[in-house]
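Each remark here refers to the structure printed beneath this line.
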Amino acid sequence: MSIIVWLVMGGLVGWIASMIMGTNAQQGIILNVVVGIVGALIGGWLIGPLLGAGSINDGISIMSFIVSLIGAVILLTILSFFQRSSSR
């Protein structure tokens with residue numbers, strides 16, 4: 001059951017993060033899921049302890065969703081930085 005939750009939440013988080021960062025047209029559903037899952041890991045590792053928020057494994061809450069979304073936006077920001085610097 002937890003794998004299904006990770007896939008669904010990862011897809012939703014990745015999709016919203018890609019809309020925030022303006023990369024939605026460049027990404028497909030698979031990349032949205034990957035960005036969402038990796039973003040949730042980054043957010044849970046970096047931001048979760050600062051805010052005292054649990055991860056998605058602890059249960060789906062508004063705070064765990066926000067932490068995952070912030071992590072996904074951070075991931076897309078880092079990726080866009082490397083894409084810009086490699087195209088120069």
Side-chain angles (χ1 to χ4, degrees):
M1 182 76 155
S2 65
I3 292 174
I4 294 171
V5 171
W6 271 92
L7 291 174
V8 171
M9 288 300 292
L12 186 62
V13 166
W15 177 58
I16 293 173
S18 68
M19 287 192 317
I20 290 172
M21 295 301 294
T23 61
N24 194 29
Q26 301 167 353
Q27 295 180 190
I29 190 166
I30 305 254
L31 196 54
N32 279 339
V33 170
V34 170
V35 165
I37 291 173
V38 174
L41 292 172
I42 291 171
W45 182 62
L46 290 176
I47 301 160
L50 294 174
L51 299 178
S55 68
I56 292 176
N57 285 336
D58 298 332
I60 298 173
S61 67
I62 298 294
M63 197 60 172
S64 67
F65 182 80
I66 290 171
V67 166
S68 299
L69 183 62
I70 292 171
V73 168
I74 290 171
L75 175 65
L76 287 175
T77 302
I78 292 169
L79 290 176
S80 70
F81 175 73
F82 284 117
Q83 286 176 347
R84 276 191 236 140
S85 65
S86 68
S87 65
R88 289 183 185 179

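Positions are given from 1, in the same order as the sequence printed here.
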task = State which residues pass side-chain contact (heavy atoms from CB on, under 4.5 Å) with S80; sequence neighbours excluded, sorted by chain then number.
result = R84
query = So how far is it from M19 CE to L76 CG, rounded to the nearest 0.5 Å?
reply = 12.0 Å
inquiry  = For the CG atom on L50, are there more than 12 heavy atoms of other groups (residues, nucleotides or ligands in this structure) within a distance under 6.0 Å?
reply    = yes
inquiry  = Once rounded to the nearest 0.5 Å, what's the spacing between atom CD1 of I37 and atom CG of N32?
reply    = 11.0 Å
message = For a quick test of reading the model, state the closest non-hydrogen atom pair linking G14 to Q27 and the distance between them.
response = O-NE2, 4.3 Å
note = Taken to the nearest 0.5 Å, the spacing of T23 OG1 from L31 CG works out to 8.0 Å
message = How close do P49 and G44 get, counting heavy atoms only, and between which atoms?
response = CD-O, 3.3 Å
key: For I47, side-chain contact (heavy atoms from CB on, under 4.5 Å) partners two or more places apart   = L51, V67, I70, I74
inquiry  = I'd like to check the side-chain contact (heavy atoms from CB on, under 4.5 Å) partners of V38; sequence neighbours left out, ordered by chain and number.
reply    = V34, I42, L75
message = Would the distance check show the side chain of S61 and the main-chain N or O of S64 forming a donor-acceptor pair, the cut-off being under 3.5 Å?
response = yes
message = Tell me the closest heavy-atom pair linking V35 and A72, and the distance in Å.
response = O-CB, 4.0 Å
message = What's the separation between atom CG in L69 and atom CD1 in I20, rounded to the nearest 0.5 Å?
response = 4.5 Å
inquiry  = Rounded at 0.5 Å granularity, tell me how far CD1 in I62 sits from CZ in F65.
reply    = 8.0 Å
key: Stepwise side-chain contact (heavy atoms from CB on, under 4.5 Å) check, L12 with V8   = CA-CA 6 Å; L12 186 62; V8 171; 5.6 Å; no
